Every structure is written in structure tokens, then in C-alpha cells.
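Note that the structure is predicted; figures quoted are calculated from it, not measured.
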Amino acid sequence: MLLSIIQGIFKTKTKIGELAIKAKAGNEEVMNDLLFASTPFLKKTATFVCKRAIDEHDEEFSIALDGFHEAIMAFNPAEAASFQTFAHLIIKRRLIDYIRKETARTEKWVPIEPDPEESSGQHFILDEKSIHTYTENQQSASRKEELLHYKKLLNEFNLTFEELTKSSPKHSDARKTAFQIAQIVADSEELYQYLLDNKRLPLKNIEALVDVSRKTMERHRKYIIAVVLLLNSDYIFIKDYVRGEII
């Protein structure tokens, strides 16, 4: 009975925060059912982050499940707009960390030039200092490449880094509100597609979903658009770099 109720809540996206609070308080039945009923949500989120289909047999699904449990235990309705949005962010952070670690792990074997006197084939050396330098250089190069792509993407929306620096919300509460609006747009296929097609925010549609004035959204329009584009990108190094500021 409880499981069917939770599954219905996932579909309607209502009152799930109340169940998360009960699970956090120690109700094991609610916790277990909530974790089980979250399967479609976890698959969807993991698939979105990893850019490929994820199911229960993938390591990424287990990471998403752990992230969901972490979200339950950390959820505070006074600080988060909604549990599902909060959980989405926690899962994305965990998966991005996993992707970065896996990337670093596969880069630990650093190639060197083969000795012509030795047999042909690929030669490798494992050296802690070389590994660190190589990985740092790779991440720096990747971050620079991502910034170039992100800059081009922003230009399509008539935005620049200089403008964003000037227009970003100065107060943490305003920045948090703007980020939550960006998250809503990024998670909505309809709203996100409108942004891509029209190069502007669907303010009228957003206004019906949030308790924020249109004037406030207009004031932070550039910041919101920039965050939406970043959230729905695969710029994992930029996201990691700005974590704590907008993510």
C-alpha cells in the first residue's frame, strides 16, 4: 500500500519531501519503499548525466542510489526548494565525481617513447610525479577546451563572461533563488527547448511555477540562462570548478 502511494507521489511530484523527512527520521519502511520507488527517477537522472542508458546493473545506478540516500539524510525543507530537485543535484554531483575519478584512473598509465632496441609495441611507465603532472595537465587542457566551447555557447545567447560577472546575483539568497529557477528550466524538456529555440527564457511559463516576481527573474535573466546551459552540458570540469558557487 505504502509503496503504491510513493510511486504515485513520484509521478505527481507532490509530498515526496514529507516522506523524505519521515525516512530521515528513522522510518525504515518509508526509507526502503522510497529507495525502491525511486528507480525510474534514478535511471532518468543517471542517464541524463552519463549521456547513455543506465539500468540497475550499471555501477552508475548504484552511485545514483547512494546519492539519493544521501539526499534523504541531508534534506532540509527550509533550505531546498523541493526534495526531488535537491536529490537531482546530489546524484549529479556523485556521478560527476565518479566520472572524473574514472577518467583520472584510466590516465594513470603514462605513455613514453619506446626504446628502438626493444621490441615494438606500446611502452608505459608508472611514476607518481609523472602521473600527477600528466593528470593535472590533462584536466587543465580539458577545462580550457570546455571554457572555449562554453564561451561560444553563451555567445549564441548574446552573453559574455564579462556580462555574467556584472549581472550575477550578489547575495546568496538571490543566487540560490536564481539557481533553483535555472534548475527547473534545465529539468523541463519543454522549458529548455523553448530557451534553445527562442534564445530567451519562457518567463510567463516559469512565473506560473515559482513564487518569484517577473521583475526579479528579468533582473537575473542572464545568470539564469548561463546556469541552465551549464547544467544541461557535459562540461564536467567547469561544473566541478564552480561547485559551491552555483551548483
Side-chain angles (χ1 to χ4, degrees), residues 13 16-17 20 41 44-46 48-49 64 67-68 70-72 74-97 100 143 146-147 149-151 153-154 156-196 198-247:
K13 297 184 179 181
I16 189 173
F41 171 71
K44 180 179 179 181
T45 302
F48 173 79
V49 176
F68 190 78
E70 178 186 339
I72 292 174
F75 180 61
N76 183 345
E79 297 179 356
S82 73
F83 172 74
Q84 199 160 29
T85 297
F86 180 69
H88 183 87
L89 292 175
I90 296 294
I91 293 169
K92 282 174 62 177
R93 289 177 184 175
R94 279 213 171 204
L95 286 170
I96 289 172
D97 284 342
R100 291 184 66 249
R143 187 180 296 117
E146 285 184 356
L147 283 170
H149 285 290
Y150 188 40
K151 182 179 180 180
L153 180 59
L154 290 174
E156 294 179 15
F157 291 78
N158 295 317
L159 297 175
T160 65
F161 289 139
E162 291 75 17
E163 286 179 312
L164 292 176
T165 301
K166 296 177 182 179
S167 63
S168 294
K170 300 301 184 290
H171 299 291
S172 59
D173 287 346
R175 193 160 57 246
K176 175 183 173 183
T177 298
F179 171 78
Q180 290 173 345
I181 293 172
Q183 183 70 71
I184 290 172
V185 177
D187 286 343
S188 168
E189 183 176 347
E190 180 182 352
L191 298 180
Y192 181 60
Q193 193 60 52
Y194 181 97
L195 173 62
L196 295 181
N198 299 279
K199 300 297 185 289
R200 58 190 175 88
L201 290 172
L203 294 177
K204 183 177 181 180
N205 300 61
I206 299 173
E207 196 173 14
L209 299 174
V210 299
D211 187 21
V212 180
S213 70
R214 188 164 185 148
K215 183 178 180 180
T216 298
M217 288 191 287
E218 283 279 9
R219 186 163 61 248
H220 302 314
R221 175 185 60 83
K222 295 179 181 179
Y223 177 84
I224 293 171
I225 291 176
V227 174
V228 172
L229 297 176
L230 184 57
L231 287 175
N232 278 3
S233 75
D234 55 359
Y235 304 146
I236 61 174
F237 291 100
I238 298 178
K239 290 178 182 179
D240 183 68
Y241 186 75
V242 302
R243 180 181 297 177
E245 289 298 319
I246 67 169
I247 300 181

Rounded distance (nearest 0.5 Å) linking atom NE2 of His171 with atom OG1 of Thr177: 12.0 Å
4.5 Å side-chain heavy-atom contact, Leu196 and Phe157: yes
Point-to-point distance, once rounded to the nearest 0.5 Å, from CG of Asp187 to CZ of Phe48: 7.0 Å
Minimum heavy-atom distance His220-Pro169, with the two atoms named: ND1-CG, 3.6 Å
Heavy-atom side-chain proximity of Leu195 to Lys199 below 4.5 angstrom: no
Over 12 non-hydrogen atoms of neighbours within 6.0 angstrom of NZ in Lys166: no
Criterion side chain to side chain contact (heavy atoms under 4.5 Å, CB included) on Phe86 and Asn76, from CA distance to verdict: CA-CA 9 Å; Phe86 180 69; Asn76 183 345; over 6 Å; no
CA sep, side-chain torsions, deciding dist, call: Gln183, Leu231, side chain to side chain contact (heavy atoms under 4.5 Å, CB included): CA-CA 8 Å; Gln183 183 70 71; Leu231 287 175; 4.1 Å; yes
Any donor-acceptor N/O pair, Ser188 side chain to Ile184 backbone, under 3.5 Å: no
Asp211 atom CG: more than 12 heavy-atom contacts under 6.0 Å: no
Side chain to side chain contact (heavy atoms under 4.5 Å, CB included) between Phe179 and Ile224, intermediate numbers included: CA-CA 7 Å; Phe179 171 78; Ile224 293 171; over 6 Å; no
Check: Phe41 main-chain N/O paired with Thr45 side-chain donor or acceptor under 3.5 Å: yes
Polar side-chain atom of Gln193 near backbone of Glu190 as donor-acceptor pair, under 3.5 Å: no
Least distance between heavy atoms, Ala226 atom then Tyr150 atom: O-OH, 2.8 Å
Interatomic distance, Lys222 atom NZ to Asn158 atom CG [nearest 0.5 angstrom]: 9.5 Å
Pairwise distance CG(Leu153) to CD(Glu146) - rounded to 0.5 angstrom: 12.0 Å
Distance (rounded to the nearest 0.5 Å) between Leu164 CG and Leu154 CG: 6.0 Å
Verdict with supporting geometry, Tyr194 and Val185, side chain to side chain contact (heavy atoms under 4.5 Å, CB included): CA-CA 9 Å; Tyr194 181 97; Val185 177; over 6 Å; no
Nearest heavy atoms of Ser213 and Thr216, plus distance in Å: OG-OG1, 2.8 Å
Plane angle bin for Phe83 and Phe68 - parallel if under 30°, tilted between 30 and 60°, otherwise perpendicular: perpendicular
Backbone of Val228 reached by a side-chain donor or acceptor of Asn232 within 3.5 Å: no
Non-hydrogen side-chain atoms of Ile181 and Leu209 separated by less than 4.5 Å: no
Between CD1 on residue Ile96 and CZ on residue Arg93, distance to nearest 0.5 Å: 9.5 Å
Sidechain-backbone polar pair: Lys204 side chain, Pro202 backbone, donor-acceptor under 3.5 Å: no
Side chain proximity check, Met217 to Ile206, heavy atoms < 4.5 angstrom: yes
